[in-house]
Amino acid sequence: MKAIICSLCYVIFAPLIGGLLDGLDRKISARMQGRVGPPLLQPFYDLNKLHNKQLIAVSKSQTFLMISYLLMMILTGALFYAGYDILMCFFVMSTASTFLYFAAIVTGSPYSTIGASRELIQMMAYEPAVLLACVGFYLCMGTFDVAKIINSVVSPIVYLPGFFIAFVFILTIKLRKSPFDISTSHHAHQELIKGLTTEFGAKNLALFQLTEWYEVTFLCGVVGLFIINSNPISIIGAIAVVFVVWFLEILIDNCSARVKFDLMLKISWIVTLLSAGVNLLILMINR
Amino acid sequence: MGKRSIIPYGPQHPVLPEPIHLDLVVEDERIIEAIPSIGFVHRGLESLITKKDYNAMVYVVERTCGICSFMHGMTYCEGIEQIMNIEVPGRAMYLRTIWGEMSRIHSHLLWLGLLADGYGFESLFYQTWRIREKVLDIFEATTGGRVIFSVNKVGGCIRDMNQDKLNMILRELDDIEKKVKEIQKTFLFDYSVQSRLKGIGILTKEQVHDLSCVGPFARASGLDMDMRYLGKDAYKDLEFHAITSNDGDCYARCEVRVREIFQSIDLIREAIGKIPDGEIDAPVKGLPNGETFMRVEQPRGEAIYYIKTSGKAFVDRLRIRTPTFANLPGLCETLKGANLADVGLLVLSIDPCISCTER
Amino acid sequence: MVDIKNPVESCEVIEAKDLLVKVLEKKKEGLRLSQICAAYTDGKYELSYSFENEENFDFVTLRVYLELEEEIPSVSEILPHAVFYENEMKELYGVNIKMINLDFENKLYRIKTKTPLLPPEERKRIEDARKSIAEAEGGIKEED
């Protein structure tokens with residue numbers, strides 16, 4: 001019962017939370033760059049405007065693929081907040097990403113095709129850290145179930161600092177922020193126009209934006225999962241840590257240029273290996 | 001074996017400041033060859049010589065480009081002055097040098113901002129253009145215009161700058177120098193920036209000679225060629241050595257331009273210190289009769305003006321060979337074998353001014 | 001003080017048939033191509049091929065006086081980057097340059113009028129002359 005209520009809360013409130021976070025992101029970035037920035041509710045106004053535009057898509061299947069992407073992402077978050085298997089959640093998210101890849105490829109435009117292949121390379125860069133995080137949870141708590149992990153006595157981060165660092169590192173890739181926003185980014189992309197989302201317009205772009213908000217809420221939940229334990233006060237601690245991590249992402253975005261995909265692969269694998277790998281060894285030895 | 005595709009690059013593209021079209025033959029994100037195509041902003045300025053007399057042509061020539069506008073006007077006036085053997089007074093020469101070097105600072109700051117935008121570093125782009133606003137404010141205070149300001153005429157300058165204005169320029173330059181010193185650290189020493197610029201688009205000194213490249217683009221490959229060595233205007237009295245680098249990649253071109261900003265600031269300080277008093281224009285008698293090739297170092301490189309006159313009020317032929325026109329073959333050479341992600345940066349590294357190229 | 005160079009500027013008038021040899025000579029001397037431009041005076045084209053010395057900034061111009069119909073070979077085989085200059089001359093003035101390496105076929109600047117910098121009566125004269133040559137050639141081919 002509690003699981004269903006949590007899932008429903010996620011499905012209804014995640015767009016609002018994601019949109020507010022997006023608006024806050026734009027405002028803070030603007031202030032860092034010495035500008036005033038758009039109003040806080042700008043992302044919602046944008047979504048509304050996108051809905052009212054006429055859709056001109058190269059292929060009719062693009063809308064179907066984008067709706068599938070949205071539904072799979074909602075399923076990911078719903079499973080997570082209902083307390084089910086975290087590994088299953090990440091697999092569903094990977095399936096959602098393949099729908100996004102196909103939605104970009106189906107148009108045949110050279111820019112979105114190259115953006116889509118870069119999206120696959122991004123997946124290669126972040127999947128190891130994500131899977132190792134799940135493995136870390138299993139080794140430390142003995143289960144993949146989110147419902148049981150949040151009821152542990154000690155916060156998982158005490159046992160999993162290396163996994164936490166690796167996960168926060170690849171969060172830059174997932175949230176599409178510099179230096180790793182190589183497939184598409186929130187501003188006009190300088191090499192590939194808008195990369196993956198070049199050929200998305202009107203309704204499809206609105207669906208993409210909405211799915212991003214669901215994704216952000218899910219990922220913030222995973223970051224919070226590292227902190228939460230059976231003590232209810234840890235929820236406040238988790239929210240605080242999530243805000244600090246999210247602010248750090250904006251700071252890094254504003255202080256670095258975009259790197260090329262080979263450098264991104266190298267750096268993310270080295271960081272994953274060093275922090276998550278070493279943590280994994282320590283956990284295995286202590287068993 | 002990858003599949004080859006042809007990617008149309010431009011004329012509308014977020015990274016290109018001006019419309020140039022490149023057909024890139026790409027295989028797996030690596031470029032095999034690039035075929036350039038221009039012609040989107042051809043205005044036919046050279047055909048206006050039949051309609052505007054040689055004095056009014058100064059205004060037309062200044063509108064060839066918005067960024068190097070002052071130096072275009074200056075080159076044309078110097079060409080006509082050479083044909084008519086007019087001796088420009090010393091104060092006018094120094095004023096031209098001061099405005100010319102400020103144009104150079106303005107152009108390089110604009111380019112640095114575009115370069116930062118090119119590799120995805122928006123906050124650096126905004127900071128650099130904020131400094132550029134200070135230079136534009138100096139232009140407005142001294143000439144009345146921000147981008148295209150007409151202070152050149154055949155025989156000298158139209159406006160003068162009194163000592164108050166010169167002191168104001170010195171104060172603002174101190175401020176600008178301090179700010180550029182701060183951002184130069186990011187441009188030259190930041191890790192993510194260096195990973196995008198080092199080793200990209202290398203041209204050797206022999207290639208630069210074969211392709212006749214000019215300007216900071218060529219000087220970054222070790223070629224010590226700068227038209228300010230000809231000693232025209234105030235340069236014969238100023239301490240000047242061209243800045244070169246030996247690496248020949250995009251990072252070297254960025255470094256050359258950053259150091260040229262500092263050099264320009266020093267040149268302006270020296271010129272303000274040595275400026276003589278006196279008239280700012282010389283009387284012009286008669287009509288021009290003869291021809292000349294006038295070479296001047298504009299911010300983007302060497303510009304050659306061919307002016308042909310025959311004793312009438314209208315010039316017979318005006319031909320502007322702009323620096324970007326000379327650098328286009330160099331661009332096509334650097335694009336061969338480059339990564340698709342670098343195309344934007346390579347196009348930016350020649351400092352493209354397509355409106356100059358096409359006139 | 002600045003190391004001032006005092007370059008020598010010179011202009012050499014040559015025949016169209018000597019063009020390639022002279023250009024090759026200048027290239028072998030180590031000069032770089034500065035610019036190529038065309039002008040029109042008194043019913044003739046005046047082509048200027050300018051070369052520059054990178055050490056002492058000497059400026060040498062080869063001047064070719066060409067009749068309006070006369071053909072002139074392209075120097076793009078010796079100096080590959082001359083294609084842009086020669087295409088511009090062809091498009092703006094209608095200079096009859098043969099065998100350019102990369103021929104934009106009058107689409108470099110995409111101008112609607114043909115040879116815009118020639119005076120209109122000359123333009124018409126060239127058009128008619130070229131049309132009659134083309135018809136004569138077509139006629140000979142048909143006879144074969």
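These numbers were taken from a predicted model, which means no experiment stands behind them. In what follows, chains are A, B, ... by sequence order, proteins preceding strands, each numbered from 1.
Neither the backbone nor the side chain of C:Leu79 comes within less than 4.5 Å of any heavy atom in chain B. For chain B, the nearby part of C:Ile36 is the backbone; its heavy atoms alone come within less than 4.5 Å. Of the atoms belonging to B:Ile49, not a single heavy atom falls under 4.5 Å from chain C. In this structure, the portion of B:Glu302 lying under 4.5 Å from any heavy atom of chain C is its side chain and not its backbone. Of the two parts of B:Thr357, only the backbone, made up of N, CA, C and O, holds a non-hydrogen atom closer than 4.5 Å to a non-hydrogen atom of chain C.
Between C:Phe59 and B:Ile304, the closest side-chain pair of non-hydrogen atoms falls below 4.5 Å. Counting heavy atoms from C-beta outward, B:Arg321 and C:Tyr85 have side chains that approach closer than 4.5 Å. Contact of the B:Arg295 side chain with the C:Glu52 side chain is registered, since non-hydrogen atoms from C-beta on lie closer than 4.5 Å. Two residues are said to be in side-chain contact when any heavy atoms from C-beta on lie closer than 4.5 Å; B:Arg319 and C:Glu88 meet this criterion. Side-chain contact between C:Thr41 and B:Lys308: present, with at least one pair of heavy atoms (C-beta onward) separated by less than 4.5 Å.
With rounding to the nearest 0.5 Å, the separation of NE2 in B:His42 from CG in C:Leu92 is 5.5 Å. Once rounded to the nearest 0.5 Å, the distance linking CZ of B:Phe293 with OG of C:Ser48 reads 4.5 Å. The CD atom of C:Glu46 sits 9.0 Å away from atom CG of B:Asp316, with the distance rounded to the nearest 0.5 Å. Put simply, NE2 on C:His81 and SG on B:Cys213 are 8.0 Å apart, with the number rounded to the nearest 0.5 Å. Here CG of C:Leu33 is found 11.0 Å from CG of B:Leu211. Values are rounded to the nearest 0.5 Å.
When each of B:Asp224, B:Val41, B:Leu223, B:Leu328 is checked for heavy-atom pairs under 4.5 Å with chain C, B:Leu223 comes out on top. Contact count versus chain B (heavy atoms, under 4.5 Å) is highest, among C:Cys11, C:Ala82, C:Ala38, for C:Ala38. The most heavy-atom pairs under 4.5 Å with chain C, out of B:Ser212, B:Ser47, B:Pro329, come from B:Ser212.
Ion pair B:Glu291/C:Arg63 flagged as a salt bridge, since at least one NZ, NE, NH1 or NH2 atom sits closer than 4.0 Å to an Asp/Glu carboxylate oxygen. Salt bridge annotation for C:Glu54-B:Lys205: absent, with no cationic side-chain nitrogen under 4.0 angstrom from a carboxylate oxygen.
Pairing each heavy atom of B:Asp226 with each of C:Phe57, the nearest pair is O-CE2, 3.3 Å.
Counting non-hydrogen atoms of neighbouring residues, nucleotides and ligands closer than 6.0 angstrom, the CD atom of B:Glu87 reaches no more than 12 such neighbours. Atom CD of C:Glu9 has more than 12 neighbouring heavy atoms from other residues, nucleotides or ligands inside a 6.0 Å radius.
Checked by atom type and distance alone, the side chain of B:His209 never pairs as donor or acceptor with a backbone atom of C:Arg32 at under 3.5 Å.
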